[in-house]
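Structure first, commentary second.
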Amino acid sequence: MDVTRATLPGAATVVHQCVTRDGQRFGVLVDKAGGRRLLLYGSREPDTPLQVITLDQREADQLADILHSRPVLDRLAHLERRFAEFVEAVR
């Protein structure tokens, strides 16, 4: 996937434009207050979103967890096990 990042002038807002291997386009807009918006584009108007989905912080975290290869709790448990192994090895 090709991802470009741009800061919108005067708005302190960052937009991440994404293009998948198949050419599908979407964006993630992050405003200065931490709000997130998913921007879904079509092929007719490549610079105008067909749909905008607004997410609060909790929803953004939930979506990130779904998209991540392993859930946060699984990654945390793995790190705890690795830390315990490290502590045992140091003793």
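None of these values were measured; they are calculated from a predicted model. The figures here come from the full heavy-atom set of this structure, side chains too, leaving out hydrogens, waters and symmetry mates. Heads up: numbering here begins at 1 and tracks the sequence.
Side chains of Leu8 and Leu29 form a contact here, defined as non-hydrogen atoms less than 4.5 Å apart. Looking only at side-chain heavy atoms (C-beta outward), Thr13 and Val15 stay at 4.5 Å or farther from each other. Under the 4.5 Å side-chain criterion, counting only non-hydrogen atoms from C-beta, Arg37 is in contact with Asp31.
Checking Leu50, Ile53, Thr20, Val19 one by one against Phe26, the side chain to side chain contact (heavy atoms under 4.5 Å, CB included) holds for a single residue, Thr20.
Distance CG/Leu39 to NE2/His16: 11.0 Å, rounded to 0.5 Å. Separating the CD atom in Glu80 from the CD atom in Glu85 is a distance of 12.0 Å, to the nearest 0.5 Å. The structure places CG of Leu40 at 10.5 Å from CD of Gln24, a figure rounded to the nearest 0.5 Å.
A pairwise comparison of heavy atoms in Gly34 and Gln57 identifies O-OE1, 3.7 Å as the closest pair.
Hydrophobic clustering places Leu67 together with Leu55 (ILVMFWY residues linked when any side-chain heavy atoms are closer than 4.5 Å, directly or through intermediates). Under a hydrophobic-cluster definition in which Ile, Leu, Val, Met, Phe, Trp and Tyr are linked whenever side-chain heavy atoms come within less than 4.5 Å, directly or via other members, Leu63 and Val30 are assigned to the same cluster. Both Val3 and Val28 are part of a single hydrophobic cluster, where members link through side-chain heavy atoms under 4.5 Å apart.
In terms of modelled atom types and a separation under 3.5 Å, the side chain of Glu59 and the main chain of Asp56 share a donor-acceptor contact.
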